[in-house]
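Contents: one structure, followed by commentary.
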Amino acid sequence: MRKKEISMIILAGGASSRMGRDKSDLTIDGKTFLEMQIEKGEKLGISDILLSGYHGEKKYKYPVIPDRFPGKGPLGGLEACFRKAKNPYCLVLGVDVPLVPAEELVALIRQSLCSDAKAVIMSHGGHEEPLMGVYRTDLADAMLEEITLRKGAVFAFLQRNGYECYESQVPDRYFSNINDPEMYSKIQTTEMPLKK
């Protein structure tokens, strides 16, 4: 697999119920979370970038892909996007983890180049991140089965289809899931260097 064979899906369609407003449009240092994730994809040389379920206020040059089966969570978003992706592999990244360094995504992709697994996901400090990984796009039909016949849980899907982990070495704070006002405020006031 070469880099040009990778598309990117940014999961931006969550309800943001705990945050109270669209997480995609929140900002750090003047850039929205979604802009930060798009920039990472562009830095990695990915041209096919899909925005899953984004319903915020800003306009981007990349297509917004609605869920084909609303209310099915992240797996529903991935199922719709995998059918639109131009490449056989997809880098998947949630919009609410804007601090993850691009270098870690490079390492994740590098491991997936050498793997026969259908998905390679990020792991850090004993935590596995199913919404930060490289997936084969031919998993779309299996995802459809998961969201229509079962509960549509991402981990259950991965365990059923097989995956491996890339173990990150950067501090856990870079994987902070910013999904409530308290965490958002903490990130804004913490002196944490943003890795590019």
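The two residues Q37 and V97 come nearest to each other via the heavy atoms NE2-O, 3.2 Å. Shown here for N161 and A142, the closest heavy-atom pair between the two residues is OD1-CB, 3.8 Å. Across every non-hydrogen atom of S52 and G77, the tightest pair is OG-CA, 3.5 Å. Taking every heavy atom of both residues into account, I49 and Y62 meet most closely at O-CB, 3.3 Å. Of all non-hydrogen atoms in A117 and R136, the two that sit nearest each other are O-CD, 4.4 Å. Here the shortest heavy-atom pairing between K43 and A102 reads CD-CB, 4.1 Å.
Taking SG of C90 as the reference point, atom CG of L78 lies at 8.5 Å (rounded to 0.5 Å). Taking CD of E35 as the reference point, atom OG of S24 lies at 11.0 Å (rounded to 0.5 Å). In this structure, OH in Y135 is found 7.5 Å from CZ in F157, a value given to the nearest 0.5 Å. Atoms CE and CE, from M122 and M132 in turn, are 5.5 Å apart once rounded to the nearest 0.5 Å. Note that CD of E164 and OG of S123 are 11.5 Å apart. Values are rounded to the nearest 0.5 Å. In this structure, CD1 on I109 lies 8.5 Å from CE on M8, to the nearest 0.5 angstrom.
Looking only at side-chain heavy atoms (C-beta outward), I28 and F33 come within less than 4.5 Å of each other. L91 has its side chain within reach of I46: a pair of non-hydrogen atoms, C-beta onward, lies under 4.5 Å apart. Residues P130 and L158 have side chains in contact (heavy-atom distance under 4.5 Å, counting atoms from C-beta outward). Side-chain atoms of V92 and L11, non-hydrogen and from C-beta on, do get closer than 4.5 Å to each other. Residues E146 and K72 form no side-chain contact, since every pair of their non-hydrogen atoms from C-beta on lies 4.5 Å or further apart. No side-chain heavy atom of L93 sits less than 4.5 Å from a side-chain heavy atom of I9. Under the 4.5 Å side-chain criterion, counting only non-hydrogen atoms from C-beta, I10 is not in contact with L50. Using a 4.5 Å cut-off on side-chain heavy atoms (C-beta onward), R173 and L99 make no contact.
Taking the six-membered ring where the residue is Trp, the centroids of Y60 and Y54 are separated by under 6.0 Å.
Listed for the K58 side chain is no donor-acceptor partner under 3.5 Å among the backbone atoms of L34. The main-chain N or O of L144 is found under 3.5 Å from a side-chain atom of T148 such that the two form a donor-acceptor pair.
Screening H124, E104, E103, E129 for a side chain to side chain donor-acceptor pair (under 3.5 Å) with S168, the sole residue that qualifies is E104. Exactly one of D138, D141, D67 qualifies for a salt bridge (charged side-chain N to carboxylate O under 4.0 Å, His left out) with R83. That residue is D141.
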Check step by step if side chain to side chain contact (heavy atoms under 4.5 Å, CB included) holds for Y174 and V100.
CA-CA 5 Å; Y174 286 107; V100 61; 5.6 Å; no
Would T27 and T32 count as a side chain to side chain contact (heavy atoms under 4.5 Å, CB included) if you check the C-alpha gap in whole Å, the side-chain angles of each, and the deciding distance to 0.1 Å?
CA-CA 4 Å; T27 61; T32 69; 3.9 Å; yes
Between E79 and F69, does the side chain to side chain contact (heavy atoms under 4.5 Å, CB included) criterion hold? Intermediate values first, please.
CA-CA 9 Å; E79 187 270 342; F69 302 93; 4.0 Å; yes
